[in-house]
Amino acid sequence: ACSAKHVTGSYVTTISLKPVEKPDQFIKTAQDGIDVYFSSNLKTQAGAECIRIRLKKMLFWQWLEIEGAKSIPVYEE
């Protein structure tokens, strides 16, 4: 029988406007008075020249969008 790992999905690392529970695993940056927290393992996607994090707003909601970040595979043994 094979014992190889199987990719069961993937995710893009966490980005947040709110302070995070484990600050030692995140980098905090401020732009135009807005604090953004992103994972320290954030990597650029192949072919992308940079990672962009944008703040989007609609009425009372606001959220972050990320572009150019490499997704991280999730393995099942």
Side-chain angles (χ1 to χ4, degrees):
C2 292
S3 61
K5 293 182 178 180
H6 300 283
V7 175
T8 58
S10 65
Y11 68 95
V12 174
T13 188
T14 302
I15 54 175
S16 177
L17 287 168
K18 298 178 183 177
V20 291
E21 290 181 20
K22 299 178 182 178
D24 58 318
Q25 296 178 2
F26 288 82
I27 297 170
K28 176 184 171 184
T29 186
Q31 184 71 34
D32 298 327
I34 301 168
D35 292 337
V36 176
Y37 299 82
F38 60 92
S39 177
S40 59
N41 67 355
L42 190 64
K43 294 188 178 20
T44 306
Q45 184 180 36
E49 62 182 62
C50 65
I51 296 172
R52 296 176 199 266
I53 300 173
R54 292 186 178 101
L55 176 67
K56 297 289 190 164
K57 296 180 182 181
M58 183 193 310
L59 300 175
F60 303 106
W61 297 282
Q62 60 181 8
W63 65 94
L64 295 173
E65 289 185 355
I66 189 167
E67 178 184 318
K70 181 177 180 180
S71 60
I72 300 166
V74 177
Y75 294 100
E76 179 182 291
E77 302 216 21

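The shortest distance between side-chain heavy atoms of Lys56 and Gln62 does not fall below 4.5 Å.
Between Ala30 and Asp35, the shortest heavy-atom contact is CB-OD1, 3.5 Å. Shortest non-hydrogen contact noted between Phe26 and Tyr37 is CD2-C, 4.3 Å. Here the closest non-hydrogen pair linking Ile66 and Ile53 is CG1-CG1, 4.1 Å.
Hydrophobic clustering of Ile, Leu, Val, Met, Phe, Trp and Tyr side chains at less than 4.5 Å, counting indirect connections, unites Ile34 with Phe38. Taking hydrophobic clusters as Ile, Leu, Val, Met, Phe, Trp and Tyr residues chained together by side-chain heavy-atom distances below 4.5 Å, Leu55 shares a cluster with Leu42.
Between atom CD of residue Glu67 and atom CD of residue Gln45 there is a gap of 9.0 Å, rounded to the nearest 0.5 Å.
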